[in-house]
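Computed over heavy atoms, backbone and side chain alike; hydrogens, waters and symmetry mates excluded.
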Amino acid sequence: MEEFLRGRSFRAKRADRVKIVVWDGSGLALCWKRLEGSAFKWPPVVDGVMRMNSAQLTALLAGMDWTRMHAPRIPQPKALA
């Protein structure tokens, strides 16, 4: 069974710091990260909400530009005759 964590993120105006508050079912956890000399690349806000999947969040917290990442294309297998 896959567990889902619920959380909220807060960013600084300069976008170089992020705080994430996560509820894991038994309590709250606070994660804080600051980038030196650069800024996080945040997704657009649509209807007051920013949505990201886990891979995009991982790339964001690593300081990477998640908009330049994509899943590799895997060729479809051909049927054997």
Side-chain angles (χ1 to χ4, degrees):
M1 184 168 113
E2 187 174 327
E3 291 186 29
F4 292 98
L5 299 176
R6 303 224 180 253
R8 300 278 187 244
S9 62
F10 305 92
R11 63 168 250 183
K13 287 184 181 180
R14 292 181 294 182
D16 65 340
R17 288 169 283 171
V18 62
K19 292 178 185 174
I20 301 174
V21 179
V22 180
W23 173 257
D24 67 357
S26 65
L28 289 172
L30 174 67
C31 305
W32 183 81
K33 181 145 184 164
R34 178 178 171 217
L35 291 179
E36 295 285 335
S38 64
F40 292 102
K41 174 72 174 163
W42 289 92
V45 176
V46 179
D47 296 326
V49 177
M50 240 187 303
R51 299 207 185 271
M52 300 183 84
N53 62 33
S54 61
Q56 291 169 333
L57 179 61
T58 301
L60 176 93
L61 294 177
M64 300 166 64
D65 184 357
W66 62 269
T67 60
R68 301 184 74 191
M69 299 180 69
H70 63 280
R73 294 183 187 252
I74 300 172
Q76 294 292 327
K78 297 182 179 178
L80 297 174

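Considering only residues two or more places apart in sequence or on other chains, D16 meets the side-chain hydrogen bond (donor to acceptor under 3.5 Å, both in side chains) condition with none of them.
Here the CD-CE distance, from Q56 to M50, works out to 12.0 Å after rounding to the nearest 0.5 Å. R17 contributes atom CZ, which lies 14.5 Å from atom NZ of K33 (distance to the nearest 0.5 angstrom). Here M52 contributes atom CE and T58 contributes atom OG1; the two are 9.0 Å apart, rounded to the nearest 0.5 Å. Here the CZ-CZ distance, from F40 to R34, works out to 10.5 Å after rounding to the nearest 0.5 Å.
The two residues K41 and W66 come nearest to each other via the heavy atoms O-NE1, 2.6 Å. Taking every heavy atom of both residues into account, I20 and S9 meet most closely at CG1-CB, 4.0 Å. Summarising the geometry of V21 relative to F10, their closest heavy-atom pair is CG2-CE1, 4.1 Å, with the distance given to 0.1 Å.
Both L28 and L30 are members of a single hydrophobic cluster when ILVMFWY side chains are connected at heavy-atom separations under 4.5 Å. Follow the hydrophobic side-chain contacts under 4.5 Å out from V45 and you reach L57 in the same cluster. No path of Ile, Leu, Val, Met, Phe, Trp and Tyr side chains, each step under 4.5 Å between heavy atoms, connects V49 with W42, placing them in separate hydrophobic clusters.
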